[in-house]
**Q** 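Right, I'll just put the structure down here and ask away after.
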Amino acid sequence: MSANTPESPGLYTIEKEMNAHGAVTVRSTATNATYHLVEYADESTRESLSSLASGESVRIHLSRVGARGNVWRAEGAPRAESSVSPAGSAAGS
């Protein structure tokens, strides 16, 4: 269950891209828990997350919004994480 505050900043994978209401669903790579982001520290944070596609990873800090439900706020500027290629494959080789 996602009721506990995630460690921060954590590495998350975009599960569902930003929808028309500005919500993004991410999954923690450490715990496999999902979090629904509905608020953002600032417009820059929101724009950064809106540009990510499903499957991309990002390092962000989350804080809980309200006392009920699984809704979270993305704090600070997210840092996109590079995808790691399987062993033995290198881009441009």
Side-chain angles (χ1 to χ4, degrees):
M1 185 170 172
S2 307
N4 296 327
T5 302
E7 291 184 22
S8 12
L11 184 60
Y12 300 88
T13 300
I14 305 296
E15 287 291 310
K16 293 184 183 175
E17 298 171 15
M18 188 173 285
N19 65 23
H21 303 286
V24 176
T25 302
V26 298
R27 180 175 304 280
S28 167
T29 59
T31 66
N32 224 21
T34 58
Y35 300 91
H36 305 288
L37 311 183
V38 298
E39 288 186 7
Y40 307 93
D42 52 37
E43 189 59 27
S44 174
T45 300
R46 185 183 185 287
E47 287 178 10
S48 293
L49 287 167
S50 73
S51 70
L52 298 175
S54 292
E56 290 189 85
S57 295
V58 64
R59 188 167 299 279
I60 52 176
H61 169 76
L62 304 183
S63 63
R64 194 168 197 58
V65 175
R68 296 179 56 133
N70 183 23
V71 291
W72 300 82
R73 181 175 197 245
E75 303 282 350
R79 291 191 341 250
E81 296 286 324
S82 300
S83 297
V84 177
S85 299
S89 66
S93 295

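Values below: all heavy atoms of this structure, side chains included; hydrogens, waters and symmetry mates excluded.
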**Q** Working to the nearest 0.5 angstrom, can you tell me the gap between Met18 CE and Ser51 OG?
**A** 9.0 Å
**Q** Looking only at heavy atoms, which two atoms of Ser54 and Glu17 are closest? And how far apart?
**A** N-OE2, 3.1 Å
**Q** Report yes if some heavy atom in the side chain of Leu37 is under 4.5 Å from a heavy atom in the side chain of Ile60; otherwise report no.
**A** yes
**Q** When rounded to the nearest 0.5 angstrom, what is the spacing between CZ in Arg59 and OH in Tyr12?
**A** 9.5 Å
**Q** Could you give me the CA-CA distance, side-chain angles and deciding distance for Val26 and Thr34, then say whether side-chain contact (heavy atoms from CB on, under 4.5 Å) is met?
**A** CA-CA 6 Å; Val26 298; Thr34 58; over 6 Å; no
**Q** Could you measure the distance from the CZ atom of Arg64 to the CD atom of Glu39? Nearest 0.5 Å is fine.
**A** 12.5 Å
**Q** If you round to the nearest 0.5 Å, how far is CD of Glu47 from OG1 of Thr45?
**A** 9.5 Å
**Q** Are the side chains of Tyr35 and Thr25 in touch, meaning some heavy atoms are under 4.5 Å apart?
**A** no
**Q** Quick one, Trp72 and Asn70 - any side-chain contact, counting heavy atoms below 4.5 Å?
**A** yes
**Q** Go through the structure and list residues passing side chain to side chain donor-acceptor pair (under 3.5 Å) with Arg46, not counting sequence neighbours.
**A** none
**Q** How would you list, by chain and number, every residue that makes a side chain to side chain contact (heavy atoms under 4.5 Å, CB included) with Asn19, sequence neighbours excluded?
**A** His21, Ala23
**Q** Going by side-chain heavy atoms closer than 4.5 Å, which hydrophobic residues are tied to Val38, directly or by a chain of links?
**A** Val65, Val71
**Q** Among the clusters formed by ILVMFWY side chains lying less than 4.5 Å apart, do Leu11 and Val24 turn up in the same one?
**A** no
**Q** Listed by chain and number, what are the side chain to side chain contact (heavy atoms under 4.5 Å, CB included) partners of Thr13, not counting sequence neighbours?
**A** Glu15, Thr29, Ser57
**Q** Quick check: closest heavy atoms across Ala74 and Leu49, and the distance to 0.1 Å?
**A** CB-CD1, 3.7 Å
**Q** With sequence neighbours excluded, what pairs up with Ala67 under the side chain to side chain contact (heavy atoms under 4.5 Å, CB included) test?
**A** none
**Q** Restricting to side chain to side chain donor-acceptor pair (under 3.5 Å), what partner residues turn up for Thr31, sequence neighbours left out?
**A** Ser28
**Q** Applying side chain to side chain donor-acceptor pair (under 3.5 Å), name anything that partners Ser48, two or more places apart in sequence or on another chain.
**A** none
**Q** Quick check for you: to the nearest 0.5 Å, what is the distance between Ser63 atom OG and Glu75 atom CD?
**A** 3.5 Å
